[in-house]
Every structure is written in C-alpha cells, then in structure tokens.
Asks: 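Below you'll find the structure I mean.
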Amino acid sequence: MANSNYDSIFTTTLASRTAKLADNISKNNALLRKLKEKNNIRLISGGSKILEELEYGEGDMVWYSGYDTISYSPKQLFTAAEYAIKLAAVPVAISGEDLLKNSGHEQVMELMEKRIQNAEKTMSNQLAAAMYGDGTGSDGKSIGGLKLLVADDPTTGTVGNINRATAGNEFWRNQSSTYQNLNSSNILQAMDEMYLKCSRGNDKPDLIVLDNKLYSTYEQALQPMARYSDPKLADAGFQSLKFKGCDVIYDGGQGGHCPDNHIYFLNTDYLYLRPHKDRNMKVVGGDRLSINQDAMYRIIGWAGNMTMSNAALQGVLINEVAA
C-alpha cells in the first residue's frame, strides 16, 4: 500500500467507532430511541427467519350445574409471525491516492474520521427511512416499517407471513381511520377516537408520531390549554407534547420520514427491532483489498428486521385532504 501506517489507522479508527454507530441512530430517530429505551432492540443469534410468538385464541368456558357434561374441544390458541432477515451495508473506503495526498498520521486520521462520520449518517438516515416504509424498497430487500406493520388498509396484505385478508386473522389487523380535512377544531376528537381504539386495559399507546403539518395542527389545538412535554425527549433533541400521557412527536423537519397526512398511534411494547448479533452495525469481514484498484475498504453491516407481536393495539389516523 502507499502508506505503511494505513492498515493500523484504518482498522483501529473504524473498530473504535462501531459502538457509536449503534448509539448514533437512536439519537436521530425517536421511534428507534423509544424501542431502545424499552429494551425492545432484541438480538437474534441465527436461523433463517425471525419469529414473534402470538397468543390469539381463547379456550372454551361453559356454564353448568349438577352433573352436566363438561366437554373439551382442542383449539388453536397460539401461532407465530415470521419475518425475513434483511441485510444492509455501508462501505468505508480509501484509495492509495488519497493516502498520498493526506500523508502523515494526523491527516490520515482526519480523513478517516470524515469517511466514518459519513457512514454513520448514511446508515442512520437509511434505517430511519426504512422504519416508516412498507418493505418494498430496494426491490423488497428493505425492512418492513410502519407502512407495512400499521397499514392504511389493514384488511389486505401479508405481515409476518399471516394474510390479513383471511377470515380468522382479524386479530392481526391494526386500527385505521380516515378523516376529512383535519384541523385544530376536530383533530383532538379524531385522536381521542383512535387512542381508545388502540387501548386495552392498561395497554395503551405510548408514542404518537405525526408529520410536520399535523403536528402543527395539534399544537394549535392545544393553544387554549396547558402544554406538557417529556424532558427526556427534549434533552435528546425532540420536541414533544403529550396526549393522555402519551408522547406526541413529529418525525418531519428536514429529512423526516413520517408519511404526509398520517398520525401513528404506537404501543411500543409490541414493536421490536431485531438485529443479528453479528451484524448489529458491525464491521463485516475485516479489511478488503481490491484486486484491481489501489484501495482498501471495510463494510459496516446490519441484518435483521422490524417486527410486531400485536397489531390490534397499533393504529393509524389518515388525513384525507379534499381537492
């Protein structure tokens, strides 16, 4: 190679950053931060699929008196949702020419630092976007995000290899409602209705995510009332309001990914990010030398998927704007 110090600098610089890669994303995406806060980033160690066990059926209870016969008919009470393992990578490369132009220990470190920072931002932005997608990105190679798990039309499509259109699979449908022209005078009622649909005893939404416009509409509706915010989210850089004790945030701004005219009501107790333990934003395969180029690179890899174990407690409120 053009610089004898290159290998050690490249290796130690990138290796020391891998832990930061995982942390960096949680600071730039409120949904992922929430999952991490609740320990819902659960590693997998192998297998061809990611499974989420589901309890969806009820047994029989009979009322009886005296010597009435109490019969038992076996029922299917449990099943599992299975999710494919998706792969992602960001390469970090440096050419021999760049090394010559940036010779000297400090200059090489500065160059590598910028390359690695760019890799962090790239993986952060792409994963954040995918967490709101429907799994069709990159020809179906992307993870399935909220557009798949908490669908606009939950009576169609397959999630976790369970067909939502099939009779008997109604338990696997999220809540969904469409309103015409949400504004500051009707948004609170619409949100209240969806919140109640997504509630079951102590199981309630704990995160509401809106696009920029609807967040502003909600904020305007709160003008006559006191505002409440979560200081922990504020410390992490997120502006947060409250709705019935639930964090209300916008994931918009510059480069936000919450779909326009959508409000997601999420119970994050049942949402997970499931990375593989050996591909959780780690360097894959060590140094890689090009056979026909004066260059070396490394790959930061990720493998896994976003999963869900209860659909009925998730909801989406859609604002239909009249033409």
Asks: Roughly how far, to the nearest 0.5 Å, is the CG atom of Leu35 from the CG atom of Asn40?
Replies: 5.5 Å
Asks: Where do Ser176 and Ile318 land on the side-chain contact (heavy atoms from CB on, under 4.5 Å) test, with the steps shown first?
Replies: CA-CA 8 Å; Ser176 179; Ile318 305 160; 3.8 Å; yes
Asks: With no hydrogens and no angle check, is any side-chain donor or acceptor of Asn186 less than 3.5 Å from a backbone partner on Asn183?
Replies: yes
Asks: To the nearest 0.5 Å, how far apart are CD in Glu52 and CG in Asn305?
Replies: 10.0 Å
Asks: Would you say Asn319's side chain and Leu182's backbone share a donor-acceptor pair under 3.5 angstrom?
Replies: yes
Asks: Without hydrogens or angle criteria, can the side chains of Lys34 and Thr268 be said to hold a donor-acceptor pair below 3.5 Å?
Replies: no
Asks: As a quick check of understanding, evaluate side-chain contact (heavy atoms from CB on, under 4.5 Å) for Met306 and Tyr83, giving each step before the final call.
Replies: CA-CA 8 Å; Met306 187 172 173; Tyr83 300 85; over 6 Å; no
Asks: Could you tell me which residues satisfy side-chain contact (heavy atoms from CB on, under 4.5 Å) with Ala303, sequence neighbours excluded, listed by chain and number?
Replies: Ile85, Leu87, His276, Arg279
Asks: Look at the side chain of Asp206 and the backbone N and O of Cys246, then say whether any donor-acceptor pair between them is shorter than 3.5 Å.
Replies: no
Asks: Mark yes or no for whether Gln314, through its side chain, and Cys198, through its backbone, hold a donor-acceptor pair below 3.5 Å.
Replies: no
Asks: Just do the side-chain contact (heavy atoms from CB on, under 4.5 Å) check on Leu32 and Met131 with the steps written out, would you?
Replies: CA-CA 8 Å; Leu32 185 52; Met131 291 183 73; 4.0 Å; yes
Asks: How close do Arg164 and Ala151 get, heavy atom to heavy atom, and via which atoms?
Replies: NH1-CB, 3.6 Å
Asks: If a pair satisfies salt bridge (charged side-chain N to carboxylate O under 4.0 Å, His left out) and one of its residues is in residues 132-149, list it, with sequence neighbours excluded.
Replies: Lys147-Asp152
Asks: Under 4.5 Å between any side-chain heavy atoms of Lys213 and Asp260, yes or no?
Replies: no
Asks: What's the spacing between Lys38 NZ and Asp269 CG if we round to 0.5 Å?
Replies: 3.5 Å
Asks: Heavy atoms, side chains only, cut-off 4.5 Å: are Pro275 and Ile44 in contact?
Replies: no
Asks: Just how far is it from atom SG of Cys258 to atom OH of Tyr132, taken to the nearest 0.5 Å?
Replies: 5.5 Å
Asks: If I compare all heavy atoms of Leu148 with all of Val159, which pair ends up nearest, and what's the gap?
Replies: O-CG2, 3.5 Å
Asks: Looking at every non-hydrogen atom in both residues, tell me the closest pair between Asn310 and Arg200 and how far apart they are.
Replies: ND2-NH1, 3.8 Å
Asks: Can you say whether the rings of Phe243 and Tyr195 are parallel (under 30°), tilted (30 to 60°) or perpendicular (over 60°)?
Replies: perpendicular
Asks: With a 4.5 Å limit on heavy-atom distance, are the side chains of Asp251 and Leu31 in contact?
Replies: no
Asks: Side-chain contact, heavy-atom cut-off 4.5 Å: His262 with Asp211?
Replies: no
Asks: Go through the steps to decide whether Trp302 and Asn280 satisfy the test side-chain contact (heavy atoms from CB on, under 4.5 Å), and finish with yes or no.
Replies: CA-CA 5 Å; Trp302 189 90; Asn280 188 16; 3.8 Å; yes
Asks: Tell me whether Arg274 contacts the main-chain N or O of Arg42 through its side chain, where contact means a donor paired with an acceptor under 3.5 Å.
Replies: yes
Asks: Which heavy-atom pair separates Pro205 from Ser199 by the least distance, and what is that distance?
Replies: CD-OG, 3.7 Å
Asks: Quick check: do Leu266 and Leu146 have side-chain heavy atoms less than 4.5 Å from each other?
Replies: yes
Asks: Rounded at 0.5 Å granularity, tell me how far CD1 in Ile187 sits from CG in Asp192.
Replies: 12.5 Å
Asks: Tell me if a side-chain donor or acceptor on Lys86 pairs with a main-chain N or O of Gly140 at a distance below 3.5 Å.
Replies: yes
Asks: State the OG1-CG distance between Thr155 and Asn169, to the nearest 0.5 angstrom.
Replies: 12.5 Å
Asks: Does Asn202 CG have over 12 foreign heavy atoms under 6.0 Å away?
Replies: no
Asks: Judged by atom type as modelled, is there a donor-acceptor pair below 3.5 Å linking the side chain of Gln175 to the main-chain atoms of Ala312?
Replies: yes
Asks: Locate the shortest heavy-atom distance separating Tyr215 from Val248; write the atom from each residue and the value.
Replies: CE1-O, 3.7 Å
